[in-house]
Amino acid sequence: MIRVLLADDQRLVRAGFRSILEDQDDIEVVGEVGDGQAAVSACRELGPDVVLMDIRMPGTDGLEASRQIARDERLASVKVVILTTFDLDDYVYGALRAGATGFLVKDTEPEELLQAVRVAARGDALISPPVTRRLIAEFASRVKSPRADPRLDALTAREREVMQLVAAGLTNDEIAARLVLSPSTAKTHVSRIMSKLGARDRSQVVVLAYESGMVSPGWMAE
């Protein structure tokens, strides 16, 4: 059973998400909150697997709440999925840096919501519908000057190759197909990369890949 916390200051939004999620046999909504600080407290109290976090809320916003959750070792297993709209683009790259696992637009289709929750819960892939890939590329372009990161020196040549594909938004299955590997081998590579880099999840791998200059927006099309 996937345990989900809803964090949004709009009751109608929370009610809509709850209705969709609780109709599933493998998902349980364990709580609802209306601001970021309450979300952090609820995570500590309820131990959800996934938080659907609105990025703009009164008091502590979703960005700061995501940052606090990511810094709390007791909440290492909690995955945050940011709820956003295109007019909040300035926040998205910061949310990735704060430790968010992925993004959903608020008018997403029910099937995409369910997919996102399940993918985030198993920690298998950065949520990667086309909107997320565009957002990653757009905000990566704002990195003014790449900074070398000594943690990358620990990666093998194959792991660097896999990391580039993770940064492009590919899932483990897509990485496996591109590199002619088994899905389990691709997953193992990704797990080792995160361990060597000290990354909480794939979103932080993506951020590091762009900030270090390992990849740049649109590199796969070059």
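Throughout, numbering of the chain's residues begins at 1 and tracks the sequence.
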Which one of D49, I20, I2, V81 satisfies the side-chain contact (heavy atoms from CB on, under 4.5 Å) criterion with V117?
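In the set D49, I20, I2, V81, the residue that makes a side-chain contact (heavy atoms from CB on, under 4.5 Å) with V117 is I2.
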Check whether any side-chain heavy atom of [X] sits under 4.5 Å from a side-chain heavy atom of [Y], and report yes or no.
X	Y	result
L63	M53	no
R158	L181	yes
F17	L83	yes
L6	L21	yes
Q24	R118	yes
L52	D8	no
V80	S66	yes
L152	M214	yes

Taking all non-hydrogen atoms of both residues into account, name the closest pair between [X] and [Y] and its distance.
X	Y	value
A39	A7	CB-CB, 3.9 Å
L5	A42	CD2-CB, 3.8 Å
G31	L46	CA-CD1, 4.2 Å
R18	V29	NH2-CG1, 3.4 Å
A167	V215	CB-CG2, 3.8 Å

Is it the case that the side chains of T185 and S182 hold a donor-acceptor pair, with the cut-off being a distance below 3.5 Å and no angle test?
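Checked: S182/T185 side chains pair up, N/O donor to acceptor below 3.5 Å.
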Does a donor on one side chain sit under 3.5 Å from an acceptor on the other, for E111 and Q115?
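No - no donor-acceptor pair under 3.5 Å links their side chains.
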So how far is it from [X] [atom1] to [Y] [atom2], rounded to the nearest 0.5 Å?
X	Y	atom1	atom2	result
L179	E161	CG	CD	4.5 Å
I69	R44	CD1	CZ	8.5 Å
K79	R122	NZ	CZ	12.5 Å
T60	Q37	OG1	CD	4.5 Å
T108	L113	OG1	CG	6.5 Å
M163	H189	CE	NE2	14.5 Å

Would you please test I175 and V166 for side chain to side chain contact (heavy atoms under 4.5 Å, CB included) and show each step?
CA-CA 8 Å; I175 291 170; V166 170; 3.7 Å; yes
Salt-bridge present (R56, D9; N to O < 4.0 Å):
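Looking at R56 and D9, the cut-off is not met.
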Check whether [X] reaches the backbone of [Y] with its side chain - one donor and one acceptor, N or O, closer than 3.5 Å.
X	Y	value
E174	T171	yes
D35	A38	yes
S212	L208	yes
R3	V30	no
S191	K187	yes

Partners meeting salt bridge (charged side-chain N to carboxylate O under 4.0 Å, His left out) with [X] (sequence neighbours left out):
X	answer
R14	E32
K196	E159
R74	D72

Residues, nucleotides or ligands: over 12 heavy atoms within 6.0 Å of [X] [atom1]:
X	atom1	value
E22	CD	yes
D25	CG	no
R192	CZ	no

What do the steps show when you test I27 against L114 for side chain to side chain contact (heavy atoms under 4.5 Å, CB included), and what is the final call?
CA-CA 9 Å; I27 297 176; L114 297 172; 3.9 Å; yes
Yes or no on side chain to side chain contact (heavy atoms under 4.5 Å, CB included) for R202 and N172, after CA distance, side-chain angles and deciding distance?
CA-CA 11 Å; R202 294 170 74 111; N172 288 344; 2.5 Å; yes
